[in-house]
Amino acid sequence: MVKIAPSILSADFGRLAEQVAEAEEAGADWIHVDVMDGSFVPNITIGPAVTEAVRSATDLPVDVHLMIRNPDQHLSAFADAGADYLTVHQETCIHLHKTISSIRELGVKPGITVNPATPLQAIEGILSYVDLALVMSVNPGFGGQSFIPSSTEKIEKLKDMIDRKCLEGIELQVDGGINIDTAASAVSAGSSVLVAGSAVFRHPKGISEAIHLLRRAASGELS
Ligand code: DX5
Ligand code: ZN
């Protein structure tokens, strides 16, 4: 079954622990933490301290998405904060293999991603070293953006690359604009983990109902 990873970017930060607990209770599989530096992406969000607070609020895997320049400088801080997955952008890593190896040496599962305009060829050579490959279906920086339609084909291509290399253990994650209208096609294309921020934490019916609806949509029930 596809995993659902609510992104706390759209949560109420004043009630973060409570909202994370509600997401876990409703059947979320992972908690996604978006780290932005105001340089690689225009927005600034959170760092290791809030990641540690999320770690304390849940037993679920904490999936940290680093949208920061010079990620190597901060890997150990996020490992110490309790990250289970650390995903870096290929665009921010000059020595990508070294960065991915450092993450693994810290005892964390490495993930790799690229911006929508970066071709998958940029990460093909690193796929056999990672536990997660992420297709960004919006330009990183903000929650609440629309799914870029060409992302579906990019997911299919990445799935094909993973299958051809016989890397069955890799999670294929999609992040950006996932909601009840886009979830089913992202899953059919090959995604195994759906990140959803506004569709979970800003849903008018609340977090629990939002996760239940998203799960039904992901299984094709609402199509
Ligand atoms: C975007 C972030 C996403 C974001 C997704 O830069 O990486 O994780 O929170 O938000 P939604 O689901 O609202 O598009
Ligand atoms: Zn993200």
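Note that this is a predicted model, so its numbers are computed, not measured. Just so it is clear, the values below take in all heavy atoms, side chains as well, and ignore hydrogens, waters and symmetry mates. We count ligands from 1, going down the list as the structure has it; atoms in each ligand are counted the same way.
- For the residue pair D63/H65, the side-chain donor-acceptor check at 3.5 Å is not satisfied.
- For E209, the CD atom counts as densely surrounded, since its 6.0 Å shell holds more than 12 non-hydrogen atoms of other residues, nucleotides or ligands.
- Residue S7 touches ligand 1 through its side chain alone, judged by heavy-atom distances below 4.0 Å.
- In this structure, D37 contributes its side chain and F40 its backbone to a donor-acceptor pair below 3.5 Å.
- A donor-acceptor contact shorter than 3.5 Å links the side chain of E91 to the backbone of N115.
- In this model, no donor atom of one side chain and acceptor atom of the other lie less than 3.5 Å apart for Q90 and T118.
- For atom 13 (O) of ligand 1, the closest heavy atom belonging to the protein is S198 OG, 2.5 Å.
- At the shortest separation from atom 5 (C) of ligand 1 among protein heavy atoms lies D175 OD1, 3.5 Å.
- Donor-acceptor pairing under 3.5 Å is recorded for the side chains of E22 and S208.
- The nearest protein atom to atom 6 (O) of ligand 1, hydrogens excluded, is given as G141 N, 2.8 Å; this is a heavy-atom distance.
- Considering backbone and side-chain N/O of S10, none are found under 3.5 Å from N/O of ligand 1.
- Below 4.0 Å from some heavy atom of M36 lie the following atoms of ligand 1, by number and element: 6 (O).
- Salt bridge status for K157 with D160: absent, with no side-chain N to carboxylate O gap under 4.0 Å.
- D34 contributes OD1 as its N, O or S atom closest to the Zn ion (ligand 2).
- For a threshold of 3.5 Å applied to N or O pairs, the pair formed by N139 and ligand 1 contains no separation below that value.
- Annotation for ligand 1: atoms under 4.0 Å from non-hydrogen atoms of H65 are 7 (O).
- Backbone and side-chain nitrogen or oxygen atoms of V195 are examined, and none is located within less than 3.5 angstrom of a nitrogen or oxygen of ligand 1.
- A salt bridge links R104 to D131: at least one charged side-chain nitrogen sits closer than 4.0 Å to a carboxylate oxygen.
- The nearest heavy-atom contact from the protein to atom 10 (O) of ligand 1 is G143 CA, 3.5 Å.
- The nearest N/O/S atom of H65 to the Zn ion (ligand 2) is ND1.
- Using a 4.0 Å cut-off between charged nitrogen and carboxylate oxygen, D84 and R55 count as a salt-bridge pair.
- Counted by atom type alone, R69 and S39 present one or more donor-acceptor pairs between their side chains at under 3.5 Å.
- Each of the atoms 12 (O) of ligand 1 lies under 4.0 Å from some heavy atom of A196.
- Nearest protein heavy-atom contact of atom 12 (O) of ligand 1 is G197 N, 2.7 Å.
- Among all non-hydrogen protein atoms, the one lying nearest atom 1 (C) of ligand 1 is F142 O, 3.6 Å.
- Of the protein's non-hydrogen atoms, G177 N, 2.8 Å is the one closest to atom 14 (O) of ligand 1.
- Polar contact check, M67 against ligand 1: no nitrogen or oxygen pair lies under 3.5 Å apart.
- With rounding to the nearest 0.5 angstrom, the CG atom of L75 is 5.0 Å from the CD1 atom of I103.
- Nearest N/O/S atom of D175 relative to the Zn ion (ligand 2): this is OD2.
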